Amino acid sequence: MNDPLVIAGRELRSRLITGTGKYSSPEAMRDAVVASGCELVTVAVGRIDLDSVEEAITDHLPEGVTLLPNTAGSATAEEAVRIARLARAGGLPDWIKLEVIPDPRWLLPDPVETLKAAAQLVGEGFTVLPYVLPDPVLQRKLEAVGCAAVMPLASPIGSGSGLKLRHTIEIMVEQAEVPVVVDAGLGAPSHAAEAMELGADAVLVNTAIARADDPAAMARAFRLGVEAGRTARLAGLIEERETAEPSSPLGGLAARP
Amino acid sequence: MNDPLVIAGRELRSRLITGTGKYSSPEAMRDAVVASGCELVTVAVGRIDLDSVEEAITDHLPEGVTLLPNTAGSATAEEAVRIARLARAGGLPDWIKLEVIPDPRWLLPDPVETLKAAAQLVGEGFTVLPYVLPDPVLQRKLEAVGCAAVMPLASPIGSGSGLKLRHTIEIMVEQAEVPVVVDAGLGAPSHAAEAMELGADAVLVNTAIARADDPAAMARAFRLGVEAGRTARLAGLIEERETAEPSSPLGGLAARP
Amino acid sequence: MNDPLVIAGRELRSRLITGTGKYSSPEAMRDAVVASGCELVTVAVGRIDLDSVEEAITDHLPEGVTLLPNTAGSATAEEAVRIARLARAGGLPDWIKLEVIPDPRWLLPDPVETLKAAAQLVGEGFTVLPYVLPDPVLQRKLEAVGCAAVMPLASPIGSGSGLKLRHTIEIMVEQAEVPVVVDAGLGAPSHAAEAMELGADAVLVNTAIARADDPAAMARAFRLGVEAGRTARLAGLIEERETAEPSSPLGGLAARP
Amino acid sequence: MNDPLVIAGRELRSRLITGTGKYSSPEAMRDAVVASGCELVTVAVGRIDLDSVEEAITDHLPEGVTLLPNTAGSATAEEAVRIARLARAGGLPDWIKLEVIPDPRWLLPDPVETLKAAAQLVGEGFTVLPYVLPDPVLQRKLEAVGCAAVMPLASPIGSGSGLKLRHTIEIMVEQAEVPVVVDAGLGAPSHAAEAMELGADAVLVNTAIARADDPAAMARAFRLGVEAGRTARLAGLIEERETAEPSSPLGGLAARP
Amino acid sequence: MTVTVNGRAQEAAPGETVETLLERLGLAARYALVERNGEPVERERYGATALEDGDTLVVARPVAGG
Amino acid sequence: MTVTVNGRAQEAAPGETVETLLERLGLAARYALVERNGEPVERERYGATALEDGDTLVVARPVAGG
Amino acid sequence: MTVTVNGRAQEAAPGETVETLLERLGLAARYALVERNGEPVERERYGATALEDGDTLVVARPVAGG
Amino acid sequence: MTVTVNGRAQEAAPGETVETLLERLGLAARYALVERNGEPVERERYGATALEDGDTLVVARPVAGG
């Protein structure tokens, strides 16, 4: 219903991307993905356990959604590149959510290794969407090496804390040459709406939906929140003002001079 | 689509109430009211200028919306009661948005006069919705005299500053015995969604819609934001947490021990 | 070292008022009061337990501090007036920190009963300092009946949450005709400094000092914070700005054109 | 009066570092430096204009302060290294505040070039204090190459916006192996106190002092704020809590059961 | 006879009612709110309410407001 | 005679005053606040205030508070 | 001959290919991602890629992630 | 001979050193920072560093900064 988002020449009607992690069941995941209306869903790549081969998560996804593989589990550029190559060779899309995360406590990305892997993967023909701390200078470097979008985190993964780093995300949006997708830490639809209102092009949500009491309903709520925020951005939000301004005439029944 | 809001026994499907002030034209107002999907719209009561009788605002409202007259222009309980009586006698609904505002600079309500007028009007059979500073003790008193709802302000009228007084609104929601309608200061759909997520029963928006570049689109954005927030409230929001929690397995391609 | 605070004609050199509650021992209280440098300390009034008569708290206070009795325990104007009269008759100062608190959960004051008691006590010759929710309209009424100061809460008593209601406190400061003393909820010296920077005349702190690991050191920290904030207020704080402004020349060694 | 700060084995009694830029006159700068009580002051390095040789800023500094040259004006690691070498060769201290800033609008540092220059300068025997965006992963890398401290920005230089990036600074403090000096964007003593309370080891302030109406008084205010925050950190701040907790007995004059 | 409407003197014919006055003033009775000598007049009684010399009327209606 | 102090019955000798009662109760008059039959008693009048049979007293004092 | 699959030794018949191996392991080739001796194997070549004694394989696939 | 100082040509006498040049330019050696042909010159060597025809010098010093 909104204006389409274009990443690497591809038009996306939905500005909400969802993850597939942390659901209580594959069915809950599928229902939430459907309710979210998203076209892109992220997946990780992991070793198959030969002793207990479960169904593939991909068997549970609705028709028409596109997989966005990530490089979760990579602490270095080399590991991330290895996962990206394996995913593509095995038939997954050549879009990659690049995450290089050395720190298991805060799950924050490594700017140097991420930039190195991004340059390598772009050179190999991948469409690269790097997960980054909101860093406007790093953003410029990632744009310069040819990334298709940048994915700054709002707050640590899974924290649900919202736009704790709003200030640097605003700067990124102001100077963006490729889409800015706010990723990680969005805990409520109001956070997603806020991100869209300040000019983000899209958001990625996982924990807040997967861990809700009713994931499908929460997915719908985020869809509405993203659409609300985008619509408001385009409709021209009012400026915040220090003082009050009446919405009703102050005269009431008194005679007006 | 959401669960209905019930005020004084009346079911409302929309949890968004809009004002009719500050629009550039009656047509812009009408289009926005339609786009907002609201069932209640506020109007003020003012003297007719005998020298230039314009069309009545009510001629421009779409079918099916109900008027909620306010007592704007009242600085005392007596003035507010006078306006309420006049409105009802003249055929307007007996619901009244009670506002007693002595201060033209910040447009903040008078707790003592508001309580006095509320008791009087409830006694006369009005359905009273008082506009108040978020004050949980005053809320209890207004409930005790029989108000049908309380309408705490998020921030000063027209400021668009959002939930600057969130803390006391949260307390009001926690202890509410009648619906809490957040009124004034909501500048963006994310603010409306936030109010609904924290448990408000409805919101009233005027300036942020009327003064937007595209009021009808902004009205739609607020409708979505309110629905997003209410849906999320019912779907069970996750708790905010200090630390990170991964959405993807950390192992990647490494062998798991 | 700062400019004196004047309340009801009395000059106070310290802009920090401390409470005497919640200390682990009378000695800890005494040391903290001394370290705080305050001249006014609040005390409550309570029944003596005839079965176990402890020392009076007043025996532990350092020389030179003045008692500011409060009306804690009052849920109505009548109870508050009774305590104030008893305190003065029994030889305590005729200054009274007026608190009328019907709600034991959030400990928020009753605006109507507080105003009623304030008018009564001013009429009886007391110097009245009412504890209130930040409500600029109520402030005007309390000034009108002759209160010597108003004491808005920053956040609920004992919460240590800081200036959660900053917005309405700023309005009170802007229009104040008698001193504004921010009371309750200040959890750190930065909160006290912030209150003074925005123009509060003084602050009252109890829990944050009494419950610190080292109350005397924390009392000193608050003294410094209050002095820092007041000094900054008088020295003229810079305006916050959206964008950056260099502190160093940008040229470096490059030739300047 | 506080515990000393140790950077690279050197003990500093003051935890406030000030800049020398943006003062209205050298005298105003000197008075503010004296009032601040700081031991380290930053200076930039610039070409001498042969046509108008002004007095050297260093002639105006009080006895006993140590110069901390910065690499302002550098957009690359190479330029920063060049300035550092020139400063040391010419007799300035071998401590260097490393700033590599490619972006003249937001004045944000380049993480990759900063890391590169830091490794180079540490190798050449400099004591390196890099100016960085709050990035906990970059912090680890800078520690690994031997930086003596890290200087994360609170908000853009000169903005006076305070701890807009508080969240990632808190993470840096939690995991720090070398001192964390919060630099840039602190606009008020309450901001400095807040930084110290959350565990920063020191702060650097320039614009907020130099541009105050009374720089010397503001310098004193920041000195007090830093001391307040550090003292509070050591004294054990209370935990923030959701609900209220009374400071006075609730019984009042009522009989206790 | 003379009545005052929103602060202005108006000639009124004998037998003039609130309803006829509103018509003469070009005010659709619809949504006109009338206060007579400080007391609100019920819409149903506009036609039955005969004005008297010296009456003070306030005529109001809904206006844009928030 | 009998008086009630903080809700408890106390025997009192004839001629007992507020001041003597406080002493008997081991309460330094200093900072003891006294209410007699709902009315506060001025400190200066503790000695002159003779108790009467059936008097109800509340004895209070400053306690720790914020 | 013997190959190592996800760290475990597996007997493999002569002429075994990636595709046949996956089948034997009960892994639908669909979405199985295969790395052989550190190099990714193109899906189209699963059938054509004959294993050799001592090969080290990693077999992975998409899993839930954010 | 001619040297370039901060981008401007300067005549220099034979035997001119960094130190004498600074004096001629009215620059107290104190805190003057000198780069010669891209290399920083150690303060101790200002006197011993003889200039050569075509040298390019950058002369800098501490300035106000944050």
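Quick caveat, the model's predicted, so the values are computed rather than measured.
By the 6.0 Å contact criterion, CD on Glu124(B) is enclosed, its count of non-hydrogen atoms from other residues, nucleotides or ligands being greater than 12. For Lys116(B), the NZ atom sits in a loose shell: 12 or fewer heavy atoms of surrounding residues, nucleotides or ligands are nearer than 6.0 Å. Remark: Arg24(E) CZ is packed, more than 12 non-hydrogen atoms of other residues, nucleotides or ligands lying under 6.0 Å away.
Note: Arg8(E) leads Glu39(E), Arg8(E), Arg45(E) in heavy-atom pairs under 4.5 Å with chain B. With chain E as the partner, the residue from Leu67(B), Asn206(B), Ile17(B), Leu86(B) showing the most heavy-atom pairs under 4.5 Å is Leu86(B). Among the candidates Leu50(B), Val41(B), Asp49(B), the residue making the largest number of heavy-atom pairs closer than 4.5 Å to chain E is Leu50(B).
Contact check for Val59(E) versus Arg47(B): no side-chain heavy atoms found under the 4.5 Å cut-off. No side-chain heavy atom of Ile57(B) sits less than 4.5 Å from a side-chain heavy atom of Arg61(E).
The backbone N or O of Ile48(B) sits less than 3.5 Å from a side-chain atom of Asn6(E), completing a donor-acceptor pair. Checked by atom type and distance alone, the side chain of Asn70(B) pairs as donor or acceptor with a backbone atom of Gly66(E) at under 3.5 Å.
The contact between Leu92(B) and chain E is made entirely by side chain atoms (from C-beta outward), counting heavy-atom distances below 4.5 Å. For Ile157(B), no part lies under 4.5 angstrom from a heavy atom of chain E.
Arg82(B) has a carboxylate O that lies under 4.0 Å from a charged side-chain N of Glu35(E), or vice versa, which qualifies the two as a salt bridge.
Among all heavy-atom pairs drawn from Ala44(B) and Ala64(E), the shortest one is CB-O, 4.0 Å. When all heavy atoms of Arg43(E) and Gly91(B) are compared, the pair lying nearest together is NE-CA, 3.9 Å.
A side-chain contact (heavy atoms from CB on, under 4.5 Å) with Pro62(E) holds for exactly one of Thr58(B), Leu61(B), Thr20(B); it is Thr58(B).
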### Query
Do Val45(B) and Val63(E) pass the side chain to side chain contact (heavy atoms under 4.5 Å, CB included) test, and can you show the C-alpha distance, the side-chain angles, and the key distance before you say yes or no?
CA-CA 6 Å; Val45(B) 170; Val63(E) 297; 6.0 Å; no
